[in-house]
A.B. asks: 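What follows is a structure written as structure tokens; I'll ask about it next.
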Amino acid sequence: MNDRERLAGIDPCGVERASVLDRAFYDRAPEFVARGLLGRHLIRRSREGVVTGRIVETEAYLFREDPACHAARGRTPSNRAMFGPPGHAYVYPIHSRYCFNVVTERRGIGSAVLIRAVEPLAGVALMQRRRRRDAIRDLARGPARLCEAFAIDRRLDHHNLTVPRQLWIADPRDGIPEGGQIGCSPRIGVTSGHGLLLRYFVLNNPFVSGTRRHQRRFTHEES
DNA sequence: CTACCGATTGACT
DNA sequence: GTCAATCGGTAGA
């Protein structure tokens with residue numbers, strides 16, 4: 001980056017550095033990060049082109065008293081990124097696919113936020129090619145579909161999301177209904193920790209995953 | 001080494 | 001709604 005670019009706040013890719021979510025954003029409890037990510041834009045730049053999507057569904061995974069969290073039984077070679085610095089990616093394989101998380105809280109605390117769905121914005125044709133599917137609603141509705149559409153795999157495990165390179169999340173929010181009300185429910189697919197309401201989603205957004213049953217809003221009074 | 005399993009998806013009734 | 005494919009990670013012999 002030369003001085004002119006530095007002064008303009010522009011990196012060599014032409015992206016405004018100020019628009020990228022920074023370390024401080026991720027260095028908080030995962031419940032806050034999960035809610036705060038709704039409405040932000042996920043951006044993936046690769047040799048094939050650029051794709052972007054609005055984050056509409058997330059899930060928090062807690063370091064303590066959360067049996068569904070991959071860090072619950074300590075460090076393993078596979079979950080190492082979870083214990084690393086906040087704002088880095090934790091990408092792990094499941095059922096021969098991938099899921100993408102952002103690491104939260106300080107180094108040594110194994111917590112993260114799973115990005116479950118985005119609403120496609122730019123690069124729809126590229127996403128359709130990667131997914132071998134035309135229906136826009138199904139391009140990134142679900143964590144593994146999202147990874148396929150955005151070409152996210154284990155090579156991006158540990159990737160630093162706080163610089164605008166390959167994969168990052170932009171600061172501006174949009175697409176949240178008036179009043180800022182968001183949905184809250186148990187997490188999808190987990191075999192434990194069902195009493196925890198750690199899934200967050202944009203209400204009435206058709207790009208949120210799950211069936212109609214999953215779109216029901218829970219309150220903290222019910223189990 | 002083998003056995004088991006999952007934060008999923010897509011096809012099908 | 002149901003169900004099976006699929007394979008890396010993990011635990012245990």
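Side chains included, hydrogens not; waters and symmetry mates left out as well; all remaining heavy atoms used. All values reported here derive from a predicted model rather than from experimental measurement. In the text below, chain A, chain B and the rest are named by the order of the sequence lines, each starting its count at 1.
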A.B. asks: For C/dT10, take OP1 and OP2 only and decide whether either is under 4.0 Å from a side-chain N or O of A/T76.
C.D. replies: yes

A.B. asks: Applying the side chain to side chain contact (heavy atoms under 4.5 Å, CB included) test to A/F25, which of A/L37, A/V20, A/V102 qualifies?
C.D. replies: A/L37

A.B. asks: To the nearest angstrom, how far is A/R213 atom CZ from C/dG1 atom C1'?
C.D. replies: 13 Å

A.B. asks: Should A/R54 and A/D174 count as an ion pair when the cut-off is N to O under 4.0 Å?
C.D. replies: yes

A.B. asks: What base-paired stems does DNA chain C take part in, with at least 3 consecutive Watson-Crick or G-U wobble pairs and both distances under 3.5 Å?
C.D. replies: B:1-6 with C:7-12, B:8-12 with C:1-5

A.B. asks: Flag the pair A/Y92 / A/R154 as yes when at least one side-chain heavy-atom distance between them is below 4.5 Å, and no otherwise.
C.D. replies: yes

A.B. asks: Just by distance, do the side chain of A/R131 and the backbone of A/M127 share a donor-acceptor pair under 3.5 Å?
C.D. replies: no

A.B. asks: Between A/H214 (NE2) and B/dT9 (P), how many Å, whole number?
C.D. replies: 12 Å

A.B. asks: Using a cut-off of under 3.5 Å, enumerate the N/O to N/O pairs linking the protein to nucleotides 3-7 of chain B.
C.D. replies:
{"from": "B/dG6", "atom 1": "N2", "to": "A/H95", "atom 2": "N", "distance (Å)": "3.3"}
{"from": "B/dA7", "atom 1": "O4'", "to": "A/Y61", "atom 2": "OH", "distance (Å)": "3.4"}
{"from": "B/dA7", "atom 1": "N9", "to": "A/Y92", "atom 2": "OH", "distance (Å)": "3.3"}
{"from": "B/dA7", "atom 1": "N7", "to": "A/A68", "atom 2": "O", "distance (Å)": "3.3"}
{"from": "B/dA7", "atom 1": "N7", "to": "A/H70", "atom 2": "NE2", "distance (Å)": "2.9"}
{"from": "B/dA7", "atom 1": "N1", "to": "A/N101", "atom 2": "OD1", "distance (Å)": "2.5"}
{"from": "B/dA7", "atom 1": "N1", "to": "A/N101", "atom 2": "ND2", "distance (Å)": "3.3"}
{"from": "B/dA7", "atom 1": "N3", "to": "A/Y92", "atom 2": "OH", "distance (Å)": "3.2"}

A.B. asks: Keeping A/R23 on the side-chain end and A/P86 on the backbone end, is there a donor-acceptor pair under 3.5 Å?
C.D. replies: yes

A.B. asks: What does A/R154 touch in the nucleic acid at a heavy-atom separation under 4.0 angstrom: a base, only the sugar-phosphate, or nothing?
C.D. replies: sugar-phosphate

A.B. asks: Donor-acceptor pair, A/H159 side chain versus A/W168 backbone, under 3.5 Å?
C.D. replies: no

A.B. asks: To the nearest Å, how far apart are A/D138 CG and B/dA11 C1'?
C.D. replies: 13 Å

A.B. asks: Do the side-chain N or O atoms of A/R131 get closer than 4.0 angstrom to the phosphate oxygens (OP1, OP2) of B/dG10?
C.D. replies: yes

A.B. asks: Nearest-Å distance, CZ (A/R80) to C1' (C/dG9)?
C.D. replies: 15 Å

A.B. asks: Rounding to a whole Å, what distance do you find between A/R97:CZ and C/dT6:C1'?
C.D. replies: 8 Å

A.B. asks: A/L139 CG to B/dT9 P: how many Å, rounded?
C.D. replies: 13 Å

A.B. asks: Give a yes or no on whether the backbone of A/I188 and the side-chain of A/E59 come within a donor-acceptor separation of less than 3.5 Å.
C.D. replies: yes

A.B. asks: Under the 3.5 angstrom rule, does the side chain of A/Q215 hit a backbone N or O of A/S209 as a donor-acceptor pair?
C.D. replies: yes

A.B. asks: Can you tell me how far C1' of B/dT9 sits from CZ of A/R133, to the nearest Å?
C.D. replies: 9 Å

A.B. asks: In whole angstrom, give the distance that lies between atom CZ of A/R73 and atom P of C/dG12.
C.D. replies: 10 Å

A.B. asks: Is it true that A/R130 and A/E148 have a side-chain N and a carboxylate O under 4.0 angstrom from each other?
C.D. replies: no

